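Worksheet: one structure, shown below.
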Number of protein chains: 2
Amino acid sequence: MLERLSDKWVTLVLTGLASGPRRYSDLSRRIAGVSQKMLTQTLRGLERDGLVRRTVTPSVPVRVDYELTPLGESLMPLVAAIKGWAEANIQTVEAARKTYDAA
Amino acid sequence: MLERLSDKWVTLVLTGLASGPRRYSDLSRRIAGVSQKMLTQTLRGLERDGLVRRTVTPSVPVRVDYELTPLGESLMPLVAAIKGWAEANIQTVEAARKTYDAA
DNA sequence: CGGGATCCGTCCGGATACTG
DNA sequence: CAGTATCCGGACGGATCCCG
């Protein structure tokens, strides 16, 4: 469980879904640097864990939407808190790195 | 920054330091499954980022203590919250996995 | 005791090509 | 559009040996 939470892309995907349902191509555009393979793989994992729901609309071409489940939403305050901490302290951390690397 | 937070061992090491300073061998015993290489590497990274302070006591044999810096401690509520969420919802997640795998 | 250095297998993840 | 399949290099991380 902790391993899934510590996946590099999970936080990004979850954040991408925070404000409502998103289509696959929508997500892939919003998440910079993610490959199609990793995005699909991450979504599959989150779906398996019950954090994300996948909805297929059988039109032509097919349309697929992803959205957070209630369980997934219950995780969002924590994800947001982490993002907030990171943004608030990134400069302190980078200063510490410079000091460390100088020695 | 997010990448460092998403490191597999970081959460474990941080948790291991939550209740005060620990010696190296102490940490390695408390964190199940961590190799000496990974423990050292993780501690170095956290020290570099200013989250952990390393103190060497030049006795024979040498004694090394690790402890959270104020910056590191400011991260602990988030780590604890994540651990709490994981423990509270692990069974729901595992049930979702079984359902998913059955299909 | 607290590591550093090295070797080496495994798996992560990107690139590419193809499909309903 | 939303994937699946395959190939493949490189990073991750364990095991082992050595040292002050």
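This structure is a prediction, so every number in the text was calculated from the model and none was measured. What's counted below: heavy atoms across the whole structure, side chains too, no hydrogens, waters or symmetry copies. Throughout, protein chains are lettered first and strands after them, A, B, ... in sequence-line order, and every chain is numbered starting at 1.
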Classify the side-chain pair A:Arg54/A:Tyr66 by whether it contains a donor and acceptor separated by less than 3.5 Å. yes
Does [X] place a side-chain N or O at less than 4.0 Å from the phosphate oxygens OP1/OP2 of [N]?
{"X": "B:Ser25", "N": "C:dG2", "result": "yes"}
{"X": "B:Arg54", "N": "C:dG2", "result": "no"}
{"X": "B:Tyr24", "N": "C:dG4", "result": "no"}
{"X": "B:Arg23", "N": "C:dG2", "result": "yes"}

Which is more 5' along DNA chain C, the nucleotide nearest B:Arg29 or the one nearest A:Gly33? Just name the residue. B:Arg29
Of A:Asp26 and B:Pro61, whose closest DNA chain D nucleotide lies nearer the 5' terminus? A:Asp26
For the base of D:dT4, is there a side-chain donor-acceptor partner from A:Gln36 under 3.5 Å away? yes
When the distance from [atom1] of [X] to [atom2] of [N] is rounded to whole Å, what number comes out?
{"X": "A:Ile31", "N": "C:dG13", "atom1": "CD1", "atom2": "P", "value": "14 Å"}
{"X": "A:Asp7", "N": "C:dC11", "atom1": "CG", "atom2": "P", "value": "16 Å"}
{"X": "B:Asp65", "N": "C:dG3", "atom1": "CG", "atom2": "P", "value": "10 Å"}
{"X": "A:Gln41", "N": "C:dC11", "atom1": "CD", "atom2": "C1'", "value": "11 Å"}
{"X": "A:Met38", "N": "D:dA11", "atom1": "CE", "atom2": "P", "value": "16 Å"}

Do B:Val62 and B:Leu43 sit in one hydrophobic cluster, given that two such residues count as connected whenever their side-chain heavy atoms are within less than 4.5 Å of each other, even indirectly? yes
Answer with yes or no whether the hydrophobic clustering places B:Val10 together with A:Tyr100; edges join I, L, V, M, F, W, Y residues whose side-chain heavy atoms lie under 4.5 Å apart. no
Side chain of [X]: nearest nucleotide among [options]?
{"X": "B:Val62", "options": "C:dG2, C:dG3, D:dG3", "result": "C:dG2"}
{"X": "A:Lys37", "options": "C:dG3, D:dA2, C:dG13", "result": "C:dG13"}
{"X": "B:Ser35", "options": "C:dG14, D:dG14, C:dG3", "result": "D:dG14"}

A:Asp101 and B:Arg48 ion-paired at < 4.0 Å: yes
Identify whether the distance between the nearest side-chain nitrogen and carboxylate oxygen of A:Asp65 and A:Arg22 falls below 4.0 Å. no
